[in-house]
Amino acid sequence: METSPWVRYLLAKQSVDDRALNRRVWQALEGQLAGFPPSQPLEVLELGAGIGTMLARMLRWGLLARARYTLLDAHPALEGFGRHWLRTWWERQGGQAVDRGETLVLHGPGVQVETRWVVARAEAFVDQAPPAAFDLVVAHAFLDLVDVEDFLPRLWPLLRPGGLAYFTLIFDGLTLFLPEAPDLAEDALLARYHESMNTRGHGSARSGRQALAWATAFPQARVLAAGASDWLVFPQNGAYPGDEAFFLEFIVETVYRALRQDPAVDPKLAEAWYRHRRADVESGRLLYAAHQWDLLLQKPLTIP
Ligand SMILES: C[S@@+](CC[C@H](N)C(=O)[O-])C[C@H]1O[C@@H](n2cnc3c(N)ncnc32)[C@H](O)[C@@H]1O
């Protein structure tokens, strides 16, 4: 199956995300899931699921046993690739996958996960879905793409009392490229890049802090765990692990695209920045970091 640059980016991102995910928050989720009755499949909704790499990670790291897992994404092309990729990946792990048309069921020792794909915008889905339908809502590298203060109160009725929300890699305001290059006016350019997240009509460059502040103030949410999950990509002996050089190229391209569309940015400055940072990736010397947060929230059993 052909891999588009976007899909290659989602695949390349896996090893970066594996390093970044906050293990304390992950372990808190693991501890909570152990309290759910094993006789019932866990009802899971993942928002902005992409091709399903978070579900694969949950299986790889032994988090899920019995579940009905809904993968929702607005991008229609991702379902076909995702189903194929997830199936192939799972079979390579020694598991069995049964395609039942509507659903793809993954079987393995102690594992039975029924997956279902939904192509929809999360904002429209949450307004139509039945209340109290899910035990766990996952949103990985997604929450900074929506207006959290508007979206989270609309999402919350979907959770059952006692249900959990696991929100990960929520961007929060810092992008760093090294080695320092004083001639690039990089701080000013990155400030414009962050501003583009605030003005594109959805999401924000401060989503991490907004989500945490929302959760601490919202009477129907409890923060069970929270912590940083920064992306940090760096070369060793001039080489990047896995496909992380491509990941970096994609990030540099994304920043450049935002700068090019910004009338407040001198196009020559943007071009000089792009060329410099592309060359840094090619020569295996670019270091990149992005500050992000992971949150584990719970809807209490009794609402105050
Ligand atoms: C940064 S990607 C992360 C994908 C996946 N969670 C991962 O980490 O591999 C964000 C995903 O959210 C999807 N998306 C963006 N806005 C959305 C929306 N409003 N509703 C549903 N999906 C959306 C995109 O199509 C994309 O697949």
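Values below: every heavy atom of this structure, side chains too, minus hydrogens, waters and symmetry copies.
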Taking the six-membered ring for Trp, is the centroid-to-centroid distance between [X] and [Y] below 6.0 Å?
| X | Y | answer |
| --- | --- | --- |
| Phe81 | Trp6 | no |
| Phe171 | His194 | yes |
| Trp214 | Trp156 | yes |
| Phe247 | Tyr9 | yes |

Is the closest side-chain donor-acceptor distance between [X] and [Y] under 3.5 Å?
| X | Y | result |
| --- | --- | --- |
| His202 | Asp147 | no |
| His291 | Asp230 | yes |
| Glu43 | Tyr69 | no |
| Thr168 | Asp294 | no |

When you measure from the side chain of [X] to the backbone N and O of [Y], does any donor-acceptor pair fall under 3.5 Å?
| X | Y | value |
| --- | --- | --- |
| Asp135 | Gly163 | no |
| Arg154 | Glu123 | yes |
| Gln298 | Arg222 | no |
| Glu186 | Pro182 | no |
| Lys299 | Leu159 | yes |
| Asn22 | Ala228 | yes |
| Arg68 | Leu42 | no |
| Arg87 | Leu104 | no |
| Asp73 | Val118 | no |

TODO: Might you work through the side-chain contact (heavy atoms from CB on, under 4.5 Å) test for Thr70 and Trp117, ending with a clear yes or no?
DONE: CA-CA 6 Å; Thr70 302; Trp117 300 75; over 6 Å; no
Do [X] and [Y] belong together in a cluster built from hydrophobic side chains that touch within less than 4.5 Å?
| X | Y | answer |
| --- | --- | --- |
| Leu164 | Leu72 | no |
| Leu145 | Tyr193 | no |
| Leu55 | Leu45 | no |
| Tyr288 | Trp273 | yes |
| Leu47 | Leu63 | no |

Rounded at 0.5 Å granularity, tell me how far [atom1] in [X] sits from [atom2] in [Y].
| X | Y | atom1 | atom2 | value |
| --- | --- | --- | --- | --- |
| Leu33 | Leu64 | CG | CG | 7.0 Å |
| Met54 | Leu10 | CE | CG | 13.0 Å |
| Arg57 | Asp17 | CZ | CG | 5.0 Å |
| Arg277 | Glu249 | CZ | CD | 15.0 Å |
| Arg192 | Asp187 | CZ | CG | 14.0 Å |
| Leu189 | Leu184 | CG | CG | 7.5 Å |

Given side chains that start at C-beta, do those of [X] and [Y] come closer than 4.5 Å, heavy atoms only?
| X | Y | value |
| --- | --- | --- |
| Thr53 | Trp85 | yes |
| Leu59 | Leu106 | yes |
| Val138 | Met58 | yes |
| Leu136 | Phe36 | no |
| Trp61 | Leu21 | yes |

Task: Verdict with reasoning, Arg257 to Glu253, per salt bridge (Lys or Arg N to Asp or Glu O under 4.0 Å) - done: CA-CA 6 Å; Arg257 208 175 313 122; Glu253 193 80 40; 5.4 Å; no
Taking all non-hydrogen atoms of both residues, which atom of [X] and which atom of [Y] are closest, and how far apart?
| X | Y | answer |
| --- | --- | --- |
| Asp172 | Ser207 | OD1-N, 4.0 Å |
| Pro179 | Asp280 | CD-OD2, 4.3 Å |
| Phe250 | Pro5 | CE1-O, 3.8 Å |
| Ala270 | Leu259 | CB-CB, 4.0 Å |
| Ala225 | Ala28 | CB-CB, 3.8 Å |
| Gln220 | Pro300 | O-CD, 3.1 Å |

- [ ] Please test Asp144 against Arg206 for salt bridge (Lys or Arg N to Asp or Glu O under 4.0 Å), starting from the C-alpha separation and ending with a verdict.
- [x] CA-CA 8 Å; Asp144 40 52; Arg206 294 181 192 80; over 6 Å; no
TODO: Carefully, step by step, assess Asp243 and Arg8 under the rule salt bridge (Lys or Arg N to Asp or Glu O under 4.0 Å).
DONE: CA-CA 9 Å; Asp243 202 17; Arg8 185 174 168 192; 2.8 Å; yes
- [ ] Compute both the distance and the angle, then confirm whether Arg160 meets the cation-pi test with Phe134: under 6.0 Å from the six-membered ring centre, within 45 degrees of the axis.
- [x] no
Task: Check against side-chain contact (heavy atoms from CB on, under 4.5 Å), Phe177 and Val252 - done: CA-CA 10 Å; Phe177 294 99; Val252 168; 4.3 Å; yes
Task: Partner of Glu244 under side chain to side chain donor-acceptor pair (under 3.5 Å), chosen from Gln14, Lys13, Arg19 - done: Arg19
Task: Pair listing, side chain to side chain donor-acceptor pair (under 3.5 Å) test, anchored in residues 95-114, at least two apart - done: Arg83-Asp99
TODO: List the steps, then state whether side-chain contact (heavy atoms from CB on, under 4.5 Å) holds for Tyr166 with Leu295.
DONE: CA-CA 6 Å; Tyr166 181 54; Leu295 306 177; over 6 Å; no
TODO: List the steps, then state whether side-chain contact (heavy atoms from CB on, under 4.5 Å) holds for Leu152 with Phe218.
DONE: CA-CA 10 Å; Leu152 292 180; Phe218 190 59; over 6 Å; no
